[in-house]
Amino acid sequence: MKSLTLRNLHKTYFDPAVGTRVTAIQDVSLEIGAGEFVAVVGPSGCGKSTILNMVAGFLPATRGDIIVGDRSVKGPGRDRGVVFQNFALLPWKTVIDNVGFGLKMRGIPKPERDRIAMEFLELAGLSQAAERYPNELSGGMQQRAGVVRALANEPDVLLMDEPFASVDAQTRMTLQEELMRIWGERRHTVLFITHDVGEAVFLADRVVVLSKGHVLREIPITIPRPRRWDALTEDGEFKRLSAEVLQMVRAA
Amino acid sequence: MSHSVAPIEMGQGPGAARHIRQAAIFVAPLVVLFLSWPLLVWAFGVDARVFPGVKAVFAAAVESVSDGSLLAHVAASLGRVAAGTLLAVVVAVPLGVAMGVNAGISAFLTPLFRFFSVLAGIAWIPIATLWFGYGFGAITFVIFNAVFFIVAYNTLLGVTAIPMRLRHAAASLGAGRLAMVTEVLLPGALPNIVTGIRTGLGFAWRGLIAAEMIATNVGLGYMLFVARDFYRTEVIVLGMIVIGILWLLIDRLILAPLERATIERWGLVQRA
């Protein structure tokens with residue numbers, strides 16, 4: 001695991017509708033320690049997905065640095081594993097081939113990458129679905145595959161872009177708990193984007209509230225781990241923190 | 001036969017009964033045409049130099065099959081189509097992919113494609129015969145043109161229709177330029193490519209017959225054209241029947257199932 005540092009990140013772009021350059025991200029700096037789980041919340045349009053896309057290397061930053069460990073990065077790379085909102089599994093590959101894709105890109109031979117992919121599928125309870133195609137799976141199962149696909153490639157940092165926003169509420173809670181279990185075992189450095197305040201407080205060590213392209217506040221989440229929904233929904237600390245973050249997001 | 005002539009459809013039919021009914025609907029008009037032909041020739045006393053009777057065409061078929069000439073014409077025509085198509089696909093797909101990922105290349109080539117796709121066909125024959133002489137080269141070139149532009153354009157469409165997040169996902173998993181092409185862009189564009197090949201071959205087949213009338217001394221088009229010089233209407237009609245049936249067989253037995261299979265297996269990208 002490595003740390004992730006965003007230093008004075010700016011993003012401006014030309015908006016043809018307005019006819020001028022608009023600022024999407026304004027001087028965002030963020031330190032995420034190795035093995036730390038940081039959630040970024042904010043209302044839609046606050047720029048949280050723009051930040052993730054810049055960190056992932058899908059979108060060039062106008063100014064500023066993105067540093068993984070001690071290395072400044074540009075463009076996409078396998079040091080930063082990405083979990084997408086709409087899963088982004090390759091539809092023409094089976095689940096096991098999707099999970100083994102990063103290993104294939106590293107030149108690992110088929111038997112070896114199948115073995116590793118299978119381990120990760122078991123971790124996500126997906127071993128039965130290994131030979132199926134993504135469109136044959138439920139949204140929840142697809143996203144389990146999406147998560148372990150990123151993990152199987154052993155990234156230094158895990159970037160998650162509203163990964164549970166497109167599954168139903170029950171599945172979402174299960175996926176959040178599973179993510180906590182896996183993260184508890186492996187302690188990845190995680191940058192997690194969400195608009196769901198409860199989700200952010202439940203998952204993260206620290207919640208960053210973003211407003212109009214800049215960091216409004218950072219709130220440490222001191223709730224002890226392991227966290228489970230049935231214990232936390234009535235927890236005073238969880239309620240207090242959620243209310244505090246929610247207030248800020250609504251004011252943002 | 002019943003399965004092969006069923007019209008293409010995206011959804012899974014409920015079964016054989018439906019296939020047979022669709023086949024019957026497709027075949028019925030052809031049967032009516034075939035049965036009314038001798039009747040009309042007899043009723044109006046049509047001169048064989050205007051239109052042949054069934055018997056004469058049948059005799060011509062027996063004759064041209066037994067002396068091997070029909071097979072030679074068919075083989076020549078199919079060989080040109082195969083060569084021209086193969087060559088066109090090999091050139092068009094990489095170009096289409098390049099256009100799909102590079103806006104500059106695409107912007108530069110698209111107007112040229114618009115222009116040349118209008119010309120793609122028989123209009124190339126005069127200059128093609130000057131370049132390649134009469135025969136295989138000139139005709140294959142016409143086929144190439146008919147298939148090339150449409151396959152390149154369809155490849156372009158297929159590549160640009162691939163959701164950006166799939167390319168992002170592959171890139172963040174470590175896919176380089178080559179892997180992006182082989183693992184994402186080609187599989188993602190494959191349904192469009194196959195559709196392009198099917199459409200292009202339809203044009204190529206028509207162009208082939210026309211080109212063979214002008215620029216060769218063997219092939220189905222040539223067979224028709226020469227028969228005309230000898231008022232052998234039965235050979236002309238035989239040739240027309242062979243041309244139609246061959247295309248139906250190629251399209252229904254090879255191209256349509258191939259297109260259906262690719263869309264079912266690989267075409268999920270649009271829905272994903």
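First the proteins, then the strands, lettered A, B, ... as listed; each starts at 1.
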Residues 186-193 of chain A, side-chain donor-acceptor partners within the protein, below 3.5 Å, at least two apart:
unit_1, atom_1, unit_2, atom_2, d
T189(A), OG1, K2(A), O, 2.6
T189(A), OG1, G35(A), N, 2.9

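- Remark: side-chain polar atoms of W92(A) are not paired, donor with acceptor, to backbone N or O of V184(B) under 3.5 angstrom.
- In the displayed structure, Y153(B) atom OH is contacted under 6.0 Å by at most 12 heavy atoms of other residues, nucleotides or ligands.
- Shown here is R21(A), whose CZ atom has more than 12 heavy atoms of other residues, nucleotides or ligands within 6.0 Å.
- Within 6.0 Å of CZ on F203(B) lie no more than 12 heavy atoms contributed by other residues, nucleotides or ligands.
- No more than 12 heavy atoms of other residues, nucleotides or ligands sit less than 6.0 Å from atom CD of Q170(A).
- When every heavy atom of A88(A) is checked against every heavy atom of A169(B), the shortest pair comes out as O-CB, 3.7 Å.
- Annotation: R114(B), atom CZ; neighbour count of heavy atoms from other residues, nucleotides and ligands within 6.0 Å does not exceed 12.
- At a threshold of 4.5 Å between non-hydrogen side-chain atoms, the residues K93(A) and E183(B) count as touching.
- Chain B is approached within less than 4.5 Å, heavy atom to heavy atom, by N153(A) from residues 152-162 of chain A, ordered by number.
- Contacts of residues 39-61 of chain A with chain B at a heavy-atom distance below 4.5 Å involve F58(A), listed in sequence order.
- Looking only at heavy-atom pairs under 4.5 Å with chain B, the residue among M105(A), R78(A), R149(A) that has the most is M105(A).
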Could you tabulate the donor-acceptor pairs under 3.5 Å formed by side-chain atoms of residues 75-98 of chain B, not counting sequence neighbours?
unit_1, atom_1, unit_2, atom_2, d
S77(B), OG, H73(B), O, 3.2
S77(B), OG, E212(B), OE1, 3.0
S77(B), OG, E212(B), OE2, 2.8
S77(B), OG, L220(B), N, 3.0
R80(B), NH1, E212(B), OE2, 2.5
R80(B), NH1, V218(B), O, 2.9
R80(B), NH2, T216(B), OG1, 2.9
R80(B), NH2, V218(B), O, 3.1
T85(B), OG1, V81(B), O, 2.6

Quiz item: Run the side chain to side chain contact (heavy atoms under 4.5 Å, CB included) check on V82(A) and H168(B) step by step: do they pass?
Solution: CA-CA 9 Å; V82(A) 183; H168(B) 283 159; over 6 Å; no

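- Proximity to chain B is absent for every atom of R106(A), based on heavy atoms less than 4.5 angstrom apart.
- More than 12 non-hydrogen atoms from other residues, nucleotides or ligands lie less than 6.0 angstrom from CD of E112(A).
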